[in-house]
Each structure stands twice: as C-alpha cells, then as structure tokens.
Protein chains: 2
Amino acid sequence: MRTQTNSSENVEMYLKTVAELGGCAAPVSIAKVADRLEVTAVSANEMMKRLTDQGYISRIPYKGVELTDIGQVAAYSVIRRQRLWERFIVDNLNMSWSGAYEVSCRLEHATSNVLAEALSLYLGQPTTCPHGHPIPTLAGGLAPLQGRPLSALKKGENGRIEAILHTTTAIFAYFAERNIYPQQEIAVQEIAPLDGPFTIVVEGKTTVLGQSLADLVIII
Amino acid sequence: MRTQTNSSENVEMYLKTVAELGGCAAPVSIAKVADRLEVTAVSANEMMKRLTDQGYISRIPYKGVELTDIGQVAAYSVIRRQRLWERFIVDNLNMSWSGAYEVSCRLEHATSNVLAEALSLYLGQPTTCPHGHPIPTLAGGLAPLQGRPLSALKKGENGRIEAILHTTTAIFAYFAERNIYPQQEIAVQEIAPLDGPFTIVVEGKTTVLGQSLADLVIII
DNA sequence: TTAAAATGATAGGATACCCTTATATTATCA
DNA sequence: TGATAATATAAGGGTATCCTATCATTTTAA
C-alpha cells in the first residue's frame, strides 16, 4: 500500500530537527530534539539508536548527536522541500506567514524530489523561505545565515531583519502583528538594564521585546 | 509530535477507495478494496471493522461495505483535496498527466481544509480534475460523471472524451501517448467481433484498444 | 569533591498498521 | 441441491512508533 520512496515521515522529522538545531556542525542534545518534537527523551533516544544503525547520525554519549554525510543530505532535502512549500503557501496562496511553517511541515514529507524541482522551477527558484532562511540547493549546499541576533544590538543601532528563527505559530503571529518579518528596517530605541526588554521601532511602530524574543530576530 | 487533524493516511485511503468504487450508492466488495490498495483481504477486513466502529462505513456481510454519511463527507474531502492537487501538478507545475494521480495521492493526506480552499481559490475554483472527474464541492456535493464508456459505442460513432477512469500510471501514460485524454474528439472506426478490440481515431492517430481499456474511456 | 541535574538504558506496554495460515460461513451457479 | 468460489473470522506474528517507570552513568556546578 505504501508508495513511500523517501524515509518515513518520523525519520524525516528527526533529521530535520537535528539539522535545524545545528547538528551539521556540532553535537545536538537529544533532549532538545525531544523537546522540539514534543516526545519524551526515551522516545528520542530510541529513535536516535535507530538512526545511528541506519547511518544517519553519529552519537557521542552524554554529548549529543551529529548528522553524518548521508544524514545531512537527507535533512537538507527535507528542509528544501519545506521551504519551497512555504514560499508557495505565502506567495501564491496568500496564506498566513505565521502558519506557513506548520502547513508546509505536513507537505514536505509527501513531496518527491521530482515534485520539489518542478515546484522550485514554478516558484522561480527562490533562495530563501518567507522567514528569511536560505533554501538548500538541489546539490545539497546551504548558505549560512548572515547577521546577528537583535539581542546583540546596542541602543541606537539599526538594521534590516534578515530572518526570524524557528518558533511557534503563535510567536510568528506575534511578530507579524508588529511588522517584524524579513526585509523590515528596524531601530533599537532603548534597552533596559540586565539584557532587559528591547524597545524597537519597525515601520513607525514601537514594540517591546523580551530577551528570548529578541534572540529570534536576525539583523543584518 | 503528530499534528494530524484529519483521519490517518490509511483511513483516508480506505475511505477514498470505497468512494471511488461506488460505495456511496451501492455496497462495494471488500476484496475489490483490498485489491486496489494492494493489501490482503484479511487486512482490508480488519480495517473495515475499525472503520465500522468509527462510524465511517456500514457493512453488509458477504455483500460489501457502504459509506455512512460521515464516511462520505470524509471520502469526498479527500477526493477534493487530491483532485485540486492534480490540477496544480498538471496545469501549473507541468508535470505529467499520467503521474498526477500518484503524486497527488501523497499530498492529499497532508492537506488541511484551509489549505485546500486556498489552493482552490488559487486555481480558479476548478470543477474537474485533469482526468475529467468532477471535483467534490466544499459543501460536499459531487456532480455525477456524464457519458458512457467507449466500449458502449458502435462502429462509426464518435464523441468527445469526458474522462478516463482510475487506472495505473502506466496505463494513463499509454493513453497519453495515443492522445487519449479528456476533451479529445474520438471516432470509432472498427469494432472486432465478440467485443473485440476497438479501432479508434484521435487527432488523426489510429489506435486499437482492447475491451478493458475501452471500458476506462468515458465518452460524451 | 560531592550532590544535583542531565543523560542514557532497560523493561514492560500500547496502538495502528501489515502479514500468513487455517477454518467457518455464505453465495452462486451448474 | 450440492460443489465451488467468495467472504469472514480467528490465531499468531511483525514493525514502527509512542508511552511510563526505574535504574545507571556522566556532567556540571556549588
């Protein structure tokens, strides 16, 4: 009955998550992966064992997991498919920018490489997703994200939003309501002491962002 | 981890198949469903038991299964999602007409109703899929397919192809190579005795189709 | 350096699918 | 009507994924 040509949906979700958490460069804690996927640490550990057996990741006990070469290829393929769908959902279907990640997250697993390439062509071979992240190339390359978090800016500095890091639909919506999304010009008006809230201005709108939200906004 | 709002992929496949085999109007043999889904009769029986418990179908032992009202709503929803994707795949992505069913069959399960409606709007609210079948409406209606099979035509008759009934990608491709797809004008040149092969002409191309292939082509 | 926190491993279950083999029941047709 | 074909059920397994609970090990931080 299955016509599955890629790995299973679950395997893809784990690989993508490891990649998103930086598992191409440095070990990622299994607990973080579990957290993000909303499963228990035990479940994540079991899966990591399976993924290790299948050669997708290498584990360094008590340190975390890293993607192997084939793991990275698989993960980038998933990310490419997702980000292409995000573009379509936002640019063509005019669906909400905040919900695009969630919607595309279902489609990505149902997308063959042939379909992904047809979609890419249709979209004009975009290079970034609506949240500002680079789309991995067909060849498997992924341009690093430029810029630094808003939380690293000083009072009076300004810049352009390059990307919004991965978060929940609710928080994406919170950003969207305040005009905080890629390509917007932003200025830091005030920073409370002790990394306290950042008062910023975007399109004339003043917003106060806490430290953890400010970490999610990448400025260039 | 699951963000599943619809029924599971498998449940959707079973419901869709029952509907495609006519389960909205008359009992459909479980063996036929099993055959189409390429599972054993035992597996299909087990699933039918589950679907009955969940209120999607009613079974008449040794006769077959029929969709209940909620089963029909669910099935038509799946079919709508699939046919909308088929349109996109063929019309926008320029992917092959023959493979569209298979490709869309994966996407349909990853598509929420909200996404389906955005897609429908984007496509200009199409009413038929590329194989000529009506797309169920949002309200759950499904216009019956008009016409009669090519196999019912007499020598010398002609008509327009309305639809191609469900078949494999390979057979869809066989039809496509011979210009046999919806909206084409067709003329029956010769019918061999005993329901024997049908010699037809489409766009100046002469083709000989056996009885079972001729059954799949709906003429109006 | 030791206690707390984080991490990993093991055992025991659950569910939703799938399978084969065997047996029982019903339908159909000669 | 009786044999064959179709259908249904039962028994026994398999896999992938999830869970809780417990215990063991390692890291980290006071």
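Here is the naming used below: chain letters follow the sequence lines, and residue numbers restart at 1 for every chain.
Rounded to an integer number of Å, the gap from CD of A:Glu9 to P of C:dA16 is 17 Å. Note: CG (B:Asn45) to C1' (C:dT23) measures 14 Å, nearest angstrom. Atom CE in A:Met13 sits about 11 Å away from atom P in D:dC18, given to the nearest Å. Between the CG atom of A:Leu37 and the P atom of D:dT17 there is a distance of 12 Å, given to the nearest Å.
The ring-ring contact (aromatic ring centres under 6.0 Å, His included) search around A:Tyr181 returns none, not counting sequence neighbours. Every residue meeting the ring-ring contact (aromatic ring centres under 6.0 Å, His included) condition with A:Tyr122, not counting sequence neighbours, appears here in chain and number order: B:Phe88.
Proximity of residues 22-35 of chain A to DNA chain D (heavy atom under 4.0 angstrom from any strand atom) is not detected for any residue. Near DNA chain D, meaning a heavy atom under 4.0 Å away, the residues from residues 46-67 of chain B are B:Arg59, B:Pro61, B:Tyr62.
Within the 4.0 Å cut-off from OP1 or OP2 of C:dA16, not a single side-chain nitrogen or oxygen of B:Tyr14 is found. A sub-4.0 Å separation between OP1 or OP2 of D:dC19 and a side-chain N or O of A:Ser43 is present. The side chain of B:Thr40 places an N or O atom within less than 4.0 Å of a non-bridging phosphate oxygen (OP1 or OP2) of C:dC19. Regarding contacts with the backbone of C:dC17, a side-chain N or O of B:Ser8 is found under 4.0 angstrom from either OP1 or OP2.
Under the 30°/60° scheme for interplanar angles, the aromatic rings of A:Trp85 and B:Trp85 are found to stand perpendicular.
For the pair A:Ile79 and A:Ala19, the tightest heavy-atom approach, listed with the atom from each and the gap, is CD1-CB, 3.9 Å. Heavy-atom minimum distance, A:Gly22 versus A:Val28: C-CG2, 3.8 Å.
Of the candidate nucleotides C:dC18, D:dT9, C:dC17, C:dC18 has the atom lying nearest to any side-chain atom of B:Val39.
Side-chain atoms of A:Ile219 and A:Glu162, non-hydrogen and from C-beta on, never get closer than 4.5 Å to each other. With contacts defined as side-chain heavy-atom distances shorter than 4.5 Å, the pair B:Glu86/B:Asp91 does not qualify.
Evaluation of the side chain to side chain donor-acceptor pair (under 3.5 Å) test over residues 139-150 of chain B, restricted to residues two or more places apart or in two chains, returns B:Arg148-B:Glu157. Within the structure, the ring-ring contact (aromatic ring centres under 6.0 Å, His included) test picks out no pair touching residues 24-79 of chain B (sequence neighbours left out).
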